[in-house]
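All remarks here apply to the structure that follows.
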Amino acid sequence: MLLVPVENKQGFLDLLLKARNNARYSDKIGIKKVDRKGIIYDCASAWTQIGVACMRSTTKGKTEPAFLGLREKGKPQYEQIDIHGMKFILFRERDSHK
């Protein structure tokens, strides 16, 4: 579960939308369709980098570079992310789903 502070919600959604637009991919993303290259990979990679960058707990005035799906001459372009404070919670099933 990803917890997003209310004050960061719109900024986070804007980053995800920007990554989709930059990668030129607007369909569903399924793990089975992500190859090592292509627009689906770029979109999934951008979303992962945005999520990790936003989970930093303290920034001390620093921004985090992340790939937002934009490439120039085949090379990924990085932009600074200044949203932080999101939390990721992983639940574990005690009986291993038995």
Next item on the list: Kindly say whether Asp27 contributes a backbone atom to a donor-acceptor pair with the side chain of Arg20 at under 3.5 angstrom?
Entry: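 Flag set: sc Arg20 to bb Asp27 pair under 3.5 Å.
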Verify same cluster id: [X], [Y] (apolar side-chain graph, 4.5 Å):
| X | Y | value |
| --- | --- | --- |
| Leu17 | Tyr25 | no |
| Tyr78 | Leu16 | no |
| Leu90 | Trp47 | yes |
| Tyr41 | Leu70 | no |

Show every salt bridge (charged side-chain N to carboxylate O under 4.0 Å, His left out) that has at least one partner inside residues 3-19, sequence neighbours left out.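 Counting only pairs at least two positions apart or across chains, the salt bridge (charged side-chain N to carboxylate O under 4.0 Å, His left out) contacts touching residues 3-19 are Lys18-Glu79.
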[atom1]/[X] to [atom2]/[Y] distance, rounded to the nearest 0.5 angstrom?
| X | Y | atom1 | atom2 | answer |
| --- | --- | --- | --- | --- |
| Cys54 | Leu15 | SG | CG | 6.0 Å |
| Arg24 | Ile40 | CZ | CD1 | 13.0 Å |
| Leu13 | Asn8 | CG | CG | 10.5 Å |
| Ile50 | Glu64 | CD1 | CD | 12.0 Å |

Closest approach of [X] and [Y], non-hydrogen atoms and distance?
| X | Y | result |
| --- | --- | --- |
| Gly51 | Met86 | O-CE, 4.4 Å |
| Ala46 | Gly69 | CB-N, 3.6 Å |
| Phe67 | Gln49 | N-OE1, 2.9 Å |

task = For the residue pair Ile29 and Cys43, establish whether any side-chain heavy-atom pair is separated by less than 4.5 Å.
result =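 In contact.
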| According to the side-chain hydrogen bond (donor to acceptor under 3.5 Å, both in side chains) rule, which pairs have a member within residues 67-77, sequence neighbours left out? |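 Counting only pairs at least two positions apart or across chains, the side-chain hydrogen bond (donor to acceptor under 3.5 Å, both in side chains) contacts touching residues 67-77 are Asp42-Arg71.
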(message) Tell me whether Phe12 at atom CZ has more than 12 heavy atoms from other residues, nucleotides or ligands lying less than 6.0 Å away.
(response)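 Enclosed.
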